[in-house]
Amino acid sequence: MNIETLLSELFPLGHSVTNIDSILTGYGTTNKGEIAVLGTTDHLAVGVEAALALATSALGVIKNDPGRPILLLVDTQGQRLSLQDELLGINGYLAHLAKCLELARQREHQLICLVYAEAVSGGFLSFGMMADEIHSLPEAKVRVMNLPAMARITKLPLEQLEELSRTSPCFAPGVENFIKLGGINTIWQQPLAERLVEVIGMKLDEDQRRHNGFVRQGRKLAFTVAQRVKAG
Amino acid sequence: MAIKKWDTQAENRRDRLQRAASICTDRIVPAERMTALLEELIEPGDRVCLEGNNQKQADFLARCLAQVDPQRIFDLHMVQSVIALPAHIELFERGIANKVDFSFSGPMGARMAQLVAAGKIQIGAIHTYLELFGRYFIDLTPKVSLIVAHSADRQGNLYTGPNTEDTPTIVEATAFKSGIVVAQVNQIVDQLPRVDIPADWVDYITEAPNPHTLEPLFTRDPAQLSEIQILMAMMVIKGIYAEYSVNRLNHGVGFNAAAIELLLPTYAESLGLKGKICRHWMLNPHPTLIPAIEAGFVESVYSPGSELGMEDYVSARPDVFFNGSDGSQRSNRAFSHAAGHYATDLFIGSTLQMDLQGNSSTVTLDRITGFGGAPNLGADARGRRHASSTWLKAGREAQSGLSAAPRGRKLVVQIMETYREHMQPTFVERLDAWEMMENTGMDLPPIMVYGDDISHVVTEEGIANLLLCRTEEERSEAIRGVAGYTPVGLGRSHRAVENLRDRGIIRRPEDLGVDHRLATRDLLAARSIRELVHWSGGLYQPPKRFRNW
Amino acid sequence: MEHLQFEFKGSANRKGCQKTTLVGVVSSGNLEVMLENSELQGLCRINVSTSSQGFGEIWQAVLNDFAARYDLSNLQISINDGGATPAVVCLRLDQALENYLEASS
Amino acid sequence: MSDLSGISRGHSYYEANARQRIAHLLDPGSFQEVLGPAERLTSPHLEPLGQPCSFDDGIIIGTGSLNGLQVLVASQEGGFMGGAVGEVHGAKLTGLLERAVNERPAAVLLLLESGGVRLHEANAGLIAISEVIRALLATRVAGVPVLGLIGGAYGCFGGMGIVARCCDALIINEEGRLGLSGPDVIETTMGVEEFDSSDRALVWRTLGGKHRYLLGEVQCLVEDDIDAFHTAVIKTINTVQPLSLESLEQEHSSLTRRLADYGQCQDGADIWGEMGIDDPQKLPLMDIQSFMVTVADKGQGKL
């Protein structure tokens, strides 16, 4: 779904979201009131400028609109792969973005994420995955890496990975797999505006993902292991 | 009766130079005209020497030669130390050359084997360096030699820099037998630091578009040394170097040798061995030798070639190394290998395979790799006559109980783990070299070091002293006794091995008083390239690929 | 992956410590060795998980010698192997046992 | 054994494995492992791919003391799958950080050495790292400092590179590397012209400890000695700032300035030159002491 269609379906009551260099910022109107919007489009490869721009917007919402819910719209092919980004410390820029979003959570902003196109590793990790809850459109593509690249790096035969991806949700790309693991809460079906309104105001205190992965049987160990460590 | 002419070779040389004048009348040839020049200088069927060893390479001239018109220049007989560059192979693929006499073909070994099978290369023989150099003066004298130097002056004198290597030998054989010498240099300058090759031995010089290739072949990163290698190095120091007071020696290249070098300032020092072992070396300037030099173990080092990054360090230690009046090192492979054969008391090296006779080989199937210098260094010098206490002690061990005129023995030590990585056994019933011989129709299996030259075999299990063995069976059992869990080692008789142990033929670390708990990386004088730089006072400048800072 | 189990009857009742001992790291050409006290009716049991298939006989030979060298009982040894050579295996076994006995004394 | 004084040197952090680092960093005998190897909490995802597992899944966690201060500690084993984060590995780390919120130790010490997500269980690994980030920041919000130590052969990359920069403070040695995408990943994807990963000097100018220190990304640059890390931990533990709007705005302006000042630079040495360091090419060759003298008052203000 392209970004214009998405925004009009999410906000039939109107929005002021702008797209500058594939960075989305602005506000949308719902029948539960205004919601701040931050996001990327065009499968953006997130580099230092983009991470900084998103952080600027996040800090702006924290300062100017205390407590307003924030919708994170995800479409990224991951971090930008370049020497210059590494030279400047891109991981620090992405961490900064994650910290700004965490501060928003601490200051009672609800963080809702919608993966509407692509969500890949680094760009997703420091942005959409910081949300209280993560949703996705049915056609969205979520992955760490595609299978051929994975086969190359792990030096495992592609056929073996393909075979195993049919039974294990653990490494094959796909929204369904992330749902089984608890990494994504739900798939949003039309009408999107209703889906959004349903979740606004449902404030969650804890990271639910381990528990969801356990209940959905996709990630059986993470929850119990973490609980045991925590309990001491 | 017709008068016999005695100067046909010189006349032929004049003809060639005259033809070449159509391309270039000057001694200094523009790089872009080099291929055309070679087409005039070289005639079909010529014996051509292309300089290059495992370190420096006349890479530009090799490319020029590979580009000549094969309709004009063909059936060349190449004589060269090493076949290492793609251009070397192209000569045969394009039919410019069809025969080769050489010494080593490491990286191109697999392609060599294919071309031999396809009938594109006829191998005269695979030599050691000294043999090949020797034949340059007997029956393989080059008509044209394409050589490499660091720089030239406008008169044509050459400066080789620290990597003199094979150049004097090749030029001597060519220039004094009516041959033609063409040199590539990195730069032409007004004033050379020193003259390594005089101008009147050189016919043409060209400034190559890029500096010649130089491989840091003797650099071993201490970060990769394992505890097993350290344990074996401890055994060598205590069980061989100390026991025989080894002072004149050569180390083969490799991690096992690097481990020994790095234990001198620590383990050997702790045993009080400074000044008692390892004083005089025939060795490329191994960076891993720096701590031992700085710690005062090493008095002199003579080198067959230099090592990338070691130039400033070597220049700053003229008491140790052989340096010119300009301060930079001068090396010479021919002299070094003669010295390594006759003037050292010990050689230590590693191998990929060893059989029950102690024969060792670095052959892997489907590759023709050759010998380099190891067989000359790793062989008893039967023609040696001067004595040393080390040589005499080894000789006494080898001869005890035999009625023969007394003579000494060189210590030839093979050091290796019983398994290589990926669980390839080092000890085998039959060397792959035999199969190689059968597949390629060689006269002999390509054995690197013959078993009867080997004095000691060192593995993680211990040391086998083959000098003390009196029968074939005893030698085999001694080798089995240090062959670990390889099929060969598992075939041992425990009783026989214990018997050999009682006689001191097999010695385990505990028999030697080597505490295996000390065999950690903390025992290394340097655990990283960075620490080597530190030892050198910043003089060693490692190539980029070896840095982690 | 290949999973092997070996058992040796020992007589020396050297009681180890309560703690487990672990040495080594599972990486290419390396292994981890874990030693635990265990009531095994006098047996020393060794479990090996290895990424190198088909070397059961060599493991048997290495462990035979190890068991003969130390004569251990009531000890569980567990190994995760990343394709270590017998030399490295012997070294780690010795290190593990030294740590184990040291900690228990 | 007789005199081995020639090798009497400290314990190299770079050389040590994950367990040895903990043993030398903490007060002797104080470390109590949580979910140790005997629990056999191994990854279930490796066996089907023919990969050996490790009894601790490549991370050692537990409690201990450092100069008498109670700390929680986690140490990643780079030797095992490059320290990569899988389901169990990540859950141990997350659990430890959450435990810190309850126990309120003086600090949580993260001895980081990781290539990021373990591809053999990629989805679980990615989510696990996200959980670590959230747990880490929650721990900081709760007022417990989290310090990261970097200095192993495998560096700190991928998602763990982001985790590192979420810590209150970082301590690194010269050999340590910190970044997001490893040089080999960039070379494989974008070509050798973008990043020649075999040029190790370039790798360190871009990702190495000295450059990270000059950028102000790490608070302490130390010798490769576990004692030096120990000293740096004590020095740093009391200087940490809470996660607040003010601190983030400060970081924001610092990162904005960095981008403006050095955004056009193509090489670490260019940046150091811009910082006003004379002869920047010399920096990589200096030992830590002379480096510190040379760069005093240079580089970006510490975050």
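Lettering follows sequence order; numbering is per chain, from 1.
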Open item on the list: Between the side chains of D:Glu251 and A:Lys99, is the shortest nitrogen-to-carboxylate-oxygen separation below 4.0 Å, so that they form an ion pair?
Closed with: yes

- [ ] Would you check if there is a donor-acceptor pair between the side chains of D:Ser181 and A:Arg80 at a distance under 3.5 Å?
- [x] no

Task: Contact winner vs chain D - A:Leu164, A:Val144, A:Asp85, heavy-atom pairs under 4.5 Å - done: A:Val144

Open item on the list: If you compare all heavy atoms of A:Leu181 against all heavy atoms of D:Ala124, which two are closest, and at what distance to 0.1 Å?
Closed with: CD1-N, 3.7 Å

- [ ] Answer whether the closest heavy-atom distance between the side chains of A:Leu87 and D:Tyr262 falls below 4.5 Å.
- [x] no

TODO: Could you tell me the separation between the CD1 atom of D:Ile127 and the CZ atom of A:Phe124, rounded to the nearest 0.5 Å?
DONE: 8.0 Å

Open item on the list: Between the side chains of A:Arg219 and D:Glu131, is the shortest nitrogen-to-carboxylate-oxygen separation below 4.0 Å, so that they form an ion pair?
Closed with: yes

Open item on the list: Between D:Thr189 and chain A, with a heavy-atom cut-off of 4.5 Å, which part of the residue counts as in contact: side chain, backbone, both or neither?
Closed with: side chain

- [ ] Check whether any side-chain heavy atom of A:Leu81 lies under 4.5 Å from a side-chain heavy atom of D:Phe195, and answer yes or no.
- [x] no

TODO: Using the side-chain contact (heavy atoms from CB on, under 4.5 Å) rule, pick out the option among A:Leu125, A:Asp207, A:Leu101 that qualifies with D:Ile133.
DONE: A:Leu125

Open item on the list: Could you walk me through whether A:Asn91 and D:Phe157 satisfy the side chain to side chain contact (heavy atoms under 4.5 Å, CB included) test, starting with their C-alpha distance in whole Å, then the side-chain angles of each, then the deciding distance to 0.1 Å, before giving a yes or no?
Closed with: CA-CA 9 Å; A:Asn91 54 315; D:Phe157 288 101; over 6 Å; no

- [ ] Select one option (side chain, backbone, both, neither) describing which atoms of D:Val141 are under 4.5 Å from chain A's heavy atoms.
- [x] side chain

- [ ] Find out whether D:Leu245 and A:Arg107 are in side-chain contact, i.e. whether some heavy atom of one side chain is under 4.5 Å from a heavy atom of the other.
- [x] yes

Task: Part of D:His120 within contact of chain A (heavy atom distance under 4.5 Å) - done: both

TODO: Flag the one option from A:Gly92, A:Gly122, A:Gly183, A:Ala51 with the top tally of heavy-atom pairs under 4.5 Å to chain D.
DONE: A:Gly92

- [ ] Give, as side chain, backbone, both or neither, the part of A:Ala104 having an atom under 4.5 angstrom from any heavy atom of chain D.
- [x] neither

Open item on the list: I'd like to know which of A:Glu206, A:Lys220, A:Arg228, A:His96 tops the heavy-atom pair count under 4.5 Å against chain D.
Closed with: A:His96

Task: Region of D:Thr256 in contact with chain A, defined by heavy-atom distances below 4.5 Å - done: both

Task: Proximal component of D:Leu136, with respect to chain A [non-hydrogen, under 4.5 Å] - done: neither

Task: Under 3.5 Å side-chain donor-acceptor pair for A:Thr56 and D:His252 - done: yes

Open item on the list: Nearest 0.5 angstrom please: D:Leu248 CG to A:Cys100 SG, how far?
Closed with: 5.0 Å

Task: Option in A:Gly182, A:Gly174, A:Ala172, A:Ala98 with maximal non-hydrogen atom pairs under 4.5 Å from chain D - done: A:Ala172

TODO: Considering only NZ, NE, NH1 and NH2 on the basic side and carboxylate oxygens on the acidic side, decide whether D:Glu98 and A:Arg210 come within less than 4.0 Å.
DONE: yes

Open item on the list: Please classify the contact between D:Leu97 and chain A as side chain, backbone, both or neither, with a heavy-atom cut-off of under 4.5 Å.
Closed with: neither

Atom pairs and distances, donor-acceptor, side-chain atoms in residues 149-161 of chain A, under 3.5 Å, two or more places apart:
residue	atom	partner	partner atom	Å
A:Thr154	OG1	A:Met150	O	2.7
A:Thr154	OG1	A:Leu156	N	3.4
A:Gln160	NE2	D:Pro48	O	3.4

Task: Side-chain heavy atoms of A:Ser168 within contact of D:Glu121, under 4.5 Å - done: no

TODO: Indicate yes or no for a side-chain donor-acceptor contact from A:Glu86 to the backbone of D:Leu207 under 3.5 Å, with no hydrogens or angles considered.
DONE: no

Task: D:Leu119 and A:Phe171, any side-chain heavy atoms less than 4.5 Å apart - done: no

Open item on the list: Between A:Glu102 and D:Arg140, does any NZ, NE, NH1 or NH2 come within less than 4.0 Å of an OD or OE carboxylate oxygen?
Closed with: no

TODO: Let me know which of A:Met145, A:Met129, A:Arg143 forms a side-chain contact (heavy atoms from CB on, under 4.5 Å) with D:Leu126.
DONE: A:Met129

- [ ] Can you tell which part of D:Asp267 gets under 4.5 Å to a heavy atom of chain A, answering side chain, backbone, both or neither?
- [x] backbone

TODO: Heavy-atom distances under 4.5 Å only: say whether D:Gln264 touches chain A with side chain, backbone, both or neither.
DONE: backbone

Open item on the list: Which one wins on heavy-atom pair count under 4.5 Å against chain D: A:Arg105, A:Met130, A:Lys63?
Closed with: A:Arg105

Task: When A:Leu59, A:Thr224, A:Thr167, A:Ile62 are compared by non-hydrogen pairs under 4.5 Å with chain D, the top option - done: A:Leu59

Task: Atom pair OG/CG of A:Ser165 and D:Asn123 - distance to nearest 0.5 Å - done: 10.5 Å

Task: Side-chain heavy atoms of D:Pro44 within contact of A:Leu221, under 4.5 Å - done: yes

- [ ] Identify which one of A:Leu52, A:Val48, A:Leu88 satisfies the side-chain contact (heavy atoms from CB on, under 4.5 Å) criterion when paired with D:Arg258.
- [x] A:Leu88

TODO: Name the region of D:Leu93, side chain, backbone, both or neither, that has any atom closer than 4.5 Å to a heavy atom of chain A.
DONE: neither

Open item on the list: Out of the candidates D:Glu194, D:Glu187, D:Gln266, only one should pair with A:Leu83 under the side-chain contact (heavy atoms from CB on, under 4.5 Å) rule; please name it.
Closed with: D:Glu194

TODO: Find the one option among D:Val163, D:Leu137, D:Val34 whose heavy-atom pairs under 4.5 Å with chain A are most numerous.
DONE: D:Leu137

Task: Contact summary for D:Gly95 and A:Val229, nearest pair of heavy atoms - done: C-CG1, 3.5 Å

TODO: Under 4.5 Å heavy-atom distance to chain A, tell me which part of D:Ile129 shows up: side chain, backbone, both or neither.
DONE: both

TODO: State the SG-CG distance between A:Cys170 and D:Leu49, to the nearest 0.5 angstrom.
DONE: 9.5 Å

Task: Nearest heavy-atom neighbours spanning D:Leu215 and A:Gly89 - done: CD1-N, 4.4 Å

- [ ] Verify the neighbour count for atom CG of A:Asp21: are there more than 12 heavy atoms of other residues, nucleotides or ligands below 6.0 Å?
- [x] no

Task: Side-chain (D:Glu87) to main-chain (A:Ala222) donor-acceptor, under 3.5 angstrom - done: yes

